[in-house]
Amino acid sequence: MIKVLLADDQALVRAGFKALLDAQPDMSVVAEAADGAQAVRLAASTSPDVVLMDIRMPGTDGLTATRQMPAGPRIIILTTFELDEYVFEALRGGASGFLVKDTEPAELIQAVRVVAAGEALLSPSVTRRLIAEYATRAKEPISADGLGLLTEREREVLALVGTGMTNDEIAAKLFMSPATAKTHVSRAMMKLHARDRAQLVVIAYESGLVKPGWL
C-alpha cells in the first residue's frame with residue numbers, strides 16, 4: 001500500500017485528490033496538510049511514501065517544506081504553471097518531480113506509483129526544458145570534483161540521465177542491457193550521494209556535464 005500525504009491550502013483540491021487516490025486499491029491518503037509547516041509535522045508522524053506538495057501555500061510554502069521534510073517520503077511538487085520559477089529549486093531541495101494541477105487523473109495516479117517505486121518524473125520534454133533553464137540560474141552550484149569518482153562509462157550514463165533518458169533509452173543508445181544501464185545509474189547515485197534520479201539530473205547540469213540547449 002502506497003501511503004500518500006496531501007499538502008495544499010485549498011480544501012477542495014485536497015478532497016478531489018483524496019477521493020481519486022483512496023479509490024485505488026494500492027493507495028491510501030494518510031494525512032492532509034493546509035500549509036508546509038503542517039505537512040512537515042504530519043510527514044514525521046505518519047511516515048508517508050509520497051507527498052503531493054503544492055508549491056505555493058501561505059505561511060510555509062512548498063519549497064521550504066520540501067527542504068525541511070524528514071528522510072523517507074518522496075515528494076511530487078504540484079504547480080499551476082508548467083514553468084513555475086520555483087520548480088527547479090524544489091528539485092534541488094529534494095523533490096522527485098513535478099506535476100501541473102490540471103494533470104489527467106490517470107497521469108496523477110501513475111505519477112504516484114512511479115515516484116513511490118523510486119523513479120523520478122523527469123521524462124516529459126517540458127520538464128527537461130525547465131531543468132535546463134533553471135540549472136543555469138541555480139544557486140550554490142555543486143562542484144564538478146565529484147565526477148572524478150565516476151568511471152568513464154558512468155559519466156556517459158550520467159550525461160544521458162541529464163537529458164531525461166530512461167534506463168531503456170540509455171541501454172539502446174549505448175548498446176547495453178537495461179539492467180546494465182540501471183546498475184551504472186545506481187552506482188553514479190551512490191558515488192555522488194544523490195537520493196534519486198532527479199538529483200542526478202541536477203548534478204549533471206550543475207557540474208557542466210550536460211549543457212542547456214543540448215536537449
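One is the number of the first residue; the rest follow in order along the sequence.
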side-chain contact (heavy atoms from CB on, under 4.5 Å) against K173, all qualifying residues, sequence neighbours excluded | L160, M165
Beyond-backbone contact of L150 with L192, side-chain heavy atoms, under 4.5 angstrom = yes
Is there a side-chain contact between L6 and L21 (heavy atoms, below 4.5 Å)?
-> yes
If you take all heavy atoms of P58 and D35, which pair is closest and at what distance?
-> O-CB, 3.7 Å
Spell out, as yes or no, whether a donor-acceptor pair under 3.5 Å connects the side chain of R67 to the backbone of G93.
-> no
Is the closest side-chain heavy-atom distance between V157 and R187 below 4.5 Å?
-> no
What heavy-atom pair brings A39 and A7 nearest, and what distance separates the two atoms?
-> CB-CB, 3.8 Å
Distance-only donor-acceptor hits, side chain of residues 40-47, under 3.5 Å, sequence neighbours excluded:
residue, atom, partner, partner atom, Å
S45, OG, R41, O, 3.4
S45, OG, L42, O, 3.2
T46, OG1, L42, O, 2.6

Are Q38 and E32 side-chain neighbours, meaning at least one heavy-atom pair lies under 4.5 Å?
-> no
OG1/T180 to CD1/I170 distance, rounded to the nearest 0.5 angstrom?
-> 12.0 Å
Non-hydrogen atoms of L149 and E154 that approach each other most closely = O-OE1, 4.3 Å
Close side-chain approach of M27 to V50, heavy-atom, < 4.5 Å = no
Does any non-hydrogen side-chain atom of V201 lie less than 4.5 Å from one of V161?
-> yes
Distance (rounded to the nearest 0.5 Å) between I55 CD1 and T64 OG1 | 9.5 Å
Please name the pair of heavy atoms, one in P48 and one in V4, separated by the smallest distance, quoted to 0.1 Å.
-> CB-C, 4.3 Å
Side chains of V100 and E107: closer than 4.5 Å at any heavy-atom pair?
-> no
Verify side-chain contact (heavy atoms from CB on, under 4.5 Å) between H184 and L174, making sure each step is shown before the conclusion.
-> CA-CA 12 Å; H184 285 310; L174 300 181; over 6 Å; no
d(L63 CG, D54 CG) to nearest 0.5 Å is 12.0 Å
Considering only NZ, NE, NH1 and NH2 on the basic side and carboxylate oxygens on the acidic side, decide whether R153 and E156 come within less than 4.0 Å.
-> yes
CG on D22 to OG on S28, rounded to 0.5 Å | 5.5 Å
Output for pair (Q110 CD, E104 CD), nearest 0.5 Å, gives 14.0 Å
For D49 and K3, indicate whether the former's side chain and the latter's backbone hold a donor-acceptor pair under 3.5 Å.
-> yes
What are the two closest non-hydrogen atoms of E169 and T166, and how far apart are they?
-> OE1-N, 2.9 Å
Can you measure from CD1 (I109) to CD (Q24) and round to the nearest 0.5 angstrom?
-> 3.5 Å
Is the closest side-chain heavy-atom distance between V29 and F17 below 4.5 Å?
-> no
Could you pull out all residues at least two apart from S186 that satisfy side-chain contact (heavy atoms from CB on, under 4.5 Å)?
-> K182
Examine M53 and V30 and state if one hydrophobic cluster contains both, with Ile, Leu, Val, Met, Phe, Trp and Tyr joined whenever side-chain heavy atoms are less than 4.5 Å apart.
-> no
Closest heavy-atom contact between L99 and A111?
-> CD1-CB, 3.6 Å
